[in-house]
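In the text below, chain A, chain B and the rest are named by the order of the sequence lines, each starting its count at 1. Please read these numbers as outputs of a predicted model, since none were measured by experiment.
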Amino acid sequence: MGTNTTWHATSYRTHTLEQIQSEGADLVGTEVTVCGFMEANRGKGKICFMDLRDGTGRVQIFLKHGGVSDEELEAAQNLSRESTVQVIGEVAQKRPPKVAEGEPIPSPTYEVVASKFIVIAAAATPLPLGVTDTVSIGLDTRLDNRFLDLRRAHVNAMFTLRSKVLQYGRDHLITEGFKEINSPKIIASASEGGTNLFPMMYFDTPAFLSQSPQLYKQLTILGGMERVFEIGPAFRAENHDTYRHLNEFISFDIEGAWMNDDDVMCVQERMINHIWQCVADNDQDQIDIINHYRESQGDQPITVDVPSLPFARIEYCDAIKMIQESGADITWGDDIDSAHCDIIAEKYPGFHFLPRWPMEMKPFYIHHIPGDTGATGEQLSRGFDLNYGRDEMTSGGQREHNVDVLEQNLRNKDLDPADFSFYTDGFRYGAPPHAGWGLGVARLLMVLTGARNVRETVLFPRDRHRVTP
RNA sequence: GCCCGCGUGGUGUAGCGGUUAUCAUGAGGCGUUGUCGAUGCCUCGACCCGGGUUCGAUUCCCGGCGCGGGCGCCA
């Protein structure tokens with residue numbers, strides 16, 4: 001956990017379990033009160049050992065005949081796994097475990113010798129999934145019982161890392177002058193067209209759940225906010241059913257004035273570089289926990305390789321050429337699908353940008369420079385993607401700030417400018433050139449942690465088949 | 001939505017036209033033990049649903065439901 005965290009005593013405990021270990025040498029002989037989940041208990045008769053776990057660490061509790069009442073000892077010995085308990089006792093140095101001949105003697109650890117033992121809430125048996133069991137568990141079973149799944153060390157580490165990634169990303173953007181905003185999630189009309197929206201009733205008015213903060217973050221730039229970011233939900237009523245799609249996801253968005261697509265690509269690579277560097281510097285303990293689990297499953301360990309700057313940039317025209325040269329069937333104007341991404345990723349492992357997509361393929365709000373054309377003479381845009389392997393992380397670009405062009409772009413997409421007046425009106429009174437991007441947080445976490453399904457990196461994922469828990 | 005595969009104790013699996021349905025983990029009991037992947041002995045617990053073929057279906061066929069993988073689309 002964070003090195004700067006101050007764990008104040010609470011009504012239920014004087015110390016966290018991590019404190020018992022890290023401050024153990026000074027605490028020996030001191031009476032403490034600790035709480036936690038009972039991970040395992042050993043021993044019958046006159047003694048009982050208990051592995052206690054809280055959100056910070058683990059400590060062994062030692063109960064013995066005479067040290068606690070007979071009733072307390074029996075309760076401890078008969079307690080079911082994952083029950084919550086409160087223990088009052090003295091910190092003591094643990095007797096070292098037996099080690100094989102020639103093995104190094106481990107550094108001292110600490111335990112609590114109980115004088116009082118209280119069961120707070122007993123766990124029912126059997127558990128729907130074993131928190132410490134080595135058997136693998138199906139994703140569906142895990143998600144149905146996420147409250148228990150989260151108690152597993154590597155799952156907990158995953159979401160600890162997720163919190164860190166958001167924190168480091170946020171910290172970095174603030175150093176570059178970005179301000180955090182919140183845009184509405186209940187909207188009257190589609191923000192981009194294209195994807196399907198979830199309809200809802202807003203009192204007596206039909207409305208939708210927002211698919212993107214796009215138009216609203218642009219309005220804040222028109223409002224002189226200079227640089228903004230938002231970390232918030234986006235909703236898409238698409239029938240996709242893959243390892244990387246959800247119908248509700250957290251989008252990490254930025255928008256900045258007086259910037260073009262190249263400028264915000266630089267912001268993005270600096271931010272990702274910062275996140276990776278911070279994780280490498282501060283959170284190797286969480287990576288180790290994940291690797292410990294991966295090892296038990298026969299998976300290769302993950303390493304936090306800080307990506308160097310700048311990331312590769314492969315313009316759309318060059319990407320098409322590269323794919324064609326590899327023998328795949330693609331023509332200028334086609335989308336670059338997953339199999340094509342594999343071809344690019346072979347030459348560019350790691351993060352890489354794909355800038356300068358055909359204007360035809362990009363949304364109406366993307367900027368283009370007239371006459372900036374591609375291999376076939378078609379108009380290029382200032383839109384880009386960021387990919388890693390076969391997965392798209394980001395979509396972004398410079399935005400159109402000329403209201404006449406913007407309205408023409410709408411008409412070109414068979415959209416009626418009148419439907420977007422709440423947005424286009426913002427461009428009639430002076431508009432700075434601006435650019436931005438949206439990053440899929442769960443997908444970024446997949447790259448960092450080696451997860452093969454976004455559902456691993458989302459607490460309570462929402463897909464076509466799941467709205468609970 | 002399309003293509004492919006799979007549904008066996010609480011969890012994860014093996015297997016088969018007639019079995020006492022395998023193993024691990026777990027749960028319950030007794031014993032031993034400053035244990036720490038505790039340990040020894042005993043016990044408990046399962047073939048997704050509906051229809052069909054068959055003397056007999058958990059096994060084969062059809063349908064449903066659920067899950068996993070791939071694709072499209074996207075972040």
Checklist entry - With sugar-phosphate meaning primed atoms plus P, OP1 and OP2, does A:Glu39 contact a base, only sugar-phosphate, or nothing at under 4.0 Å between heavy atoms? => result nothing
Next on the checklist: When you compare the side chains of A:Asp70 and A:His65, does any donor N or O come within less than 3.5 Å of an acceptor on the partner?
Outcome noted: yes
Checklist entry - Looking across every strand, which nucleic acid part, if any, lies under 4.0 Å from A:Gly130 by heavy atom: base, sugar-phosphate, or nothing? => result nothing
Checklist entry - Among A:Tyr168, A:Phe351, A:Phe311, which one satisfies ring pair (Phe, Tyr, Trp, His ring centres under 6.0 Å) with A:Trp276? => result A:Phe351
Checklist entry - Checking all strands, does A:Asn239 fall into the base, sugar-phosphate, or nothing category for heavy-atom contacts under 4.0 angstrom? => result base
Checklist entry - Side chain of A:Glu238, base of B:G72: donor and acceptor closer than 3.5 Å? => result no
Item to check | B:A38 pairs with, by Watson-Crick or G-U criteria that keep both distances under 3.5 Å | outcome: B:U32
Checklist entry - Would you say the base of B:G34 and the side-chain of A:Arg42 have a donor-acceptor pair closer than 3.5 Å? => result no
Item to check | Base-pairing mate for B:U54 - Watson-Crick or G-U, with both contacts under 3.5 Å | outcome: none
Checklist entry - Touch check for A:Pro233, heavy atoms < 4.0 angstrom, all strands: base, sugar-phosphate only, or nothing? => result nothing
Checklist entry - The side chain of A:Asp241 lies closest to which of these nucleotides: B:G1, B:G70, B:G34? => result B:G1
Item to check | Whole-Å P distance, B:U11 and B:C49 | outcome: 14 Å
Item to check | Base-pairing mate for B:C16 - Watson-Crick or G-U, with both contacts under 3.5 Å | outcome: none
Next on the checklist: Looking at B:A38 and A:Phe49: do their rings stack (centroid distance under 5.5 Å, interplanar angle under 30°)?
Outcome noted: no
Checklist entry - Do you see a donor-acceptor pair shorter than 3.5 Å between the side chains of A:Arg42 and A:Gln60? => result yes
Next on the checklist: Output the rounded distance in Å from CG (A:Asp133) to P (B:G9).
Outcome noted: 16 Å
Checklist outcome for this item: From the candidates B:G34, B:U25, B:G72, the one with an atom nearest any side-chain atom of A:Lys94 is B:G34
Checklist entry - Hey, are the side chains of A:Arg227 and A:Lys179 touching, using non-hydrogen atoms and a 4.5 Å cut-off? => result no
Checklist entry - Does B:G72 have a Watson-Crick or wobble mate here (both distances under 3.5 Å), and if so which one? => result none
Item to check | Protein-nucleotide distance (A:Phe353, atom CZ; B:A75, atom P), rounded to Å | outcome: 15 Å
Checklist entry - So which nucleotide does B:U59 pair with, by the Watson-Crick or G-U wobble rule with both distances under 3.5 Å? => result none
Checklist entry - Taking atom P in both B:C74 and B:U53, what distance in whole Å separates the two? => result 50 Å
Checklist entry - To the nearest Å, how far apart are A:Met38 CE and B:C36 P? => result 16 Å
Checklist entry - What is the distance, rounded to the nearest whole Å, between atom CG of A:Asn247 and atom P of B:C74? => result 15 Å
Checklist entry - Within the structure, does a side-chain N or O atom of A:Ser395 lie under 4.0 Å from either OP1 or OP2 of B:A75? => result yes
Next on the checklist: Need to verify one output field. Residue with the more 5' nearest nucleotide on RNA chain B, A:Thr125 or A:Asn41?
Outcome noted: A:Thr125
Next on the checklist: With rounding to the closest Å, how many angstrom separate the C1' atoms on B:U19 and B:G29?
Outcome noted: 29 Å
Checklist entry - Between B:C74 and A:Arg390, is there an OP1 or OP2 to side-chain N/O distance shorter than 4.0 Å? => result no
Next on the checklist: Does A:Leu246 reach a base, just sugar-phosphate, or nothing at all? Heavy atoms under 4.0 Å.
Outcome noted: base
Item to check | A:His240, nearest nucleotide to its side chain (from B:C73, B:G69, B:U35) | outcome: B:C73
Next on the checklist: What I want to check is whether the side chains of A:Asp334 and A:Thr331 have a donor and an acceptor closer together than 3.5 Å.
Outcome noted: yes
Checklist entry - Would you say the side chain of A:Val155 lies within less than 4.5 Å of the side chain of A:Arg146, judging by non-hydrogen atoms? => result yes
Next on the checklist: Suppose we call a contact any N or O donor and acceptor under 3.5 Å apart; does that hold for the side chain of A:His245 and the base of B:C74?
Outcome noted: yes
Item to check | Candidate nucleotides B:C74, B:G10, B:C36, ranked by approach to the side chain of A:Pro126 - the nearest | outcome: B:G10
Checklist entry - Would you say the side-chain atoms of A:Glu238 and A:His245 include a donor-acceptor pair closer than 3.5 Å? => result no
Item to check | Short side-chain N/O contact to B:U11 OP1/OP2 from A:Ser136, under 4.0 Å | outcome: no
Checklist entry - Reckon A:Gly45 touches a base, only the sugar-phosphate, or nothing at all at heavy-atom distances under 4.0 Å? => result base
Checklist entry - Across the strands shown, which category fits A:Arg464 at heavy-atom distances under 4.0 angstrom: base, sugar-phosphate, nothing? => result base
Checklist entry - Quick one: do A:Glu269 and A:Arg313 make a salt bridge, cutoff under 4.0 Å? => result yes
Checklist outcome for this item: Any strand, both distances under 3.5 Å, Watson-Crick or G-U wobble: B:C47 pairs with none
Item to check | Separation of B:G29 C1' from A:Glu74 CD (nearest whole Å) | outcome: 13 Å
Item to check | Rounded P spacing from B:C30 to B:G66 in Å | outcome: 44 Å
Item to check | Spacing of the C1' atoms in B:C47 and B:C42 (rounded, Å) | outcome: 26 Å
Next on the checklist: Quick check: any donor-acceptor pair below 3.5 Å linking the side-chain of A:Arg443 to the base of B:C74?
Outcome noted: yes
Checklist entry - Mapping A:Thr242 and A:Ala40 to their closest nucleotides on RNA chain B, which lands nearer the 5' end? => result A:Ala40
Checklist entry - Can you tell me the Watson-Crick or wobble partner of B:C67, both distances under 3.5 angstrom? => result B:G5
Checklist entry - Across the strands shown, which category fits A:Asp337 at heavy-atom distances under 4.0 angstrom: base, sugar-phosphate, nothing? => result sugar-phosphate
Next on the checklist: Tell me which nucleotide, if any, is Watson-Crick or G-U wobble paired with B:G10 when both distances must be under 3.5 Å.
Outcome noted: B:U25
Checklist entry - How many Å lie between CG on A:Leu197 and P on B:C73, as a whole number? => result 19 Å
Item to check | Whole-angstrom distance between B:G26 and B:G12, as gauged at atom C1' | outcome: 11 Å
Item to check | Residue A:Arg244, side-chain heavy atoms: nucleotide from B:A75, B:A27, B:C73 that is nearest | outcome: B:C73
Next on the checklist: Starting the side chain at C-beta, find the nucleotide from B:C73, B:G34, B:A27 nearest to A:Phe62.
Outcome noted: B:G34
Next on the checklist: Between B:A24 and B:A14, how many Å separate the two C1' atoms, rounded to a whole number?
Outcome noted: 11 Å
Checklist entry - Would you call A:Glu39 and A:Arg53 a salt bridge, taking side-chain N to carboxylate O under 4.0 Å as the test? => result yes
Checklist entry - Of the candidate nucleotides B:G72, B:U11, B:A75, which contains the atom at the shortest distance from the side chain of A:Ile137? => result B:U11
Next on the checklist: Roughly how many Å apart are B:C16 and B:U20, using the C1' atom of each and rounding to a whole number?
Outcome noted: 14 Å
Next on the checklist: Using side-chain heavy atoms (C-beta onward) and a distance below 4.5 Å, is A:Asp261 in contact with A:Trp437?
Outcome noted: no
Checklist outcome for this item: When rounded to whole Å, the CH2 to P distance for the pair A:Trp357 and B:C74 reads 9 Å
Next on the checklist: Rounded to whole Å, please give me the gap between CD1 in A:Ile47 and P in B:C36.
Outcome noted: 10 Å
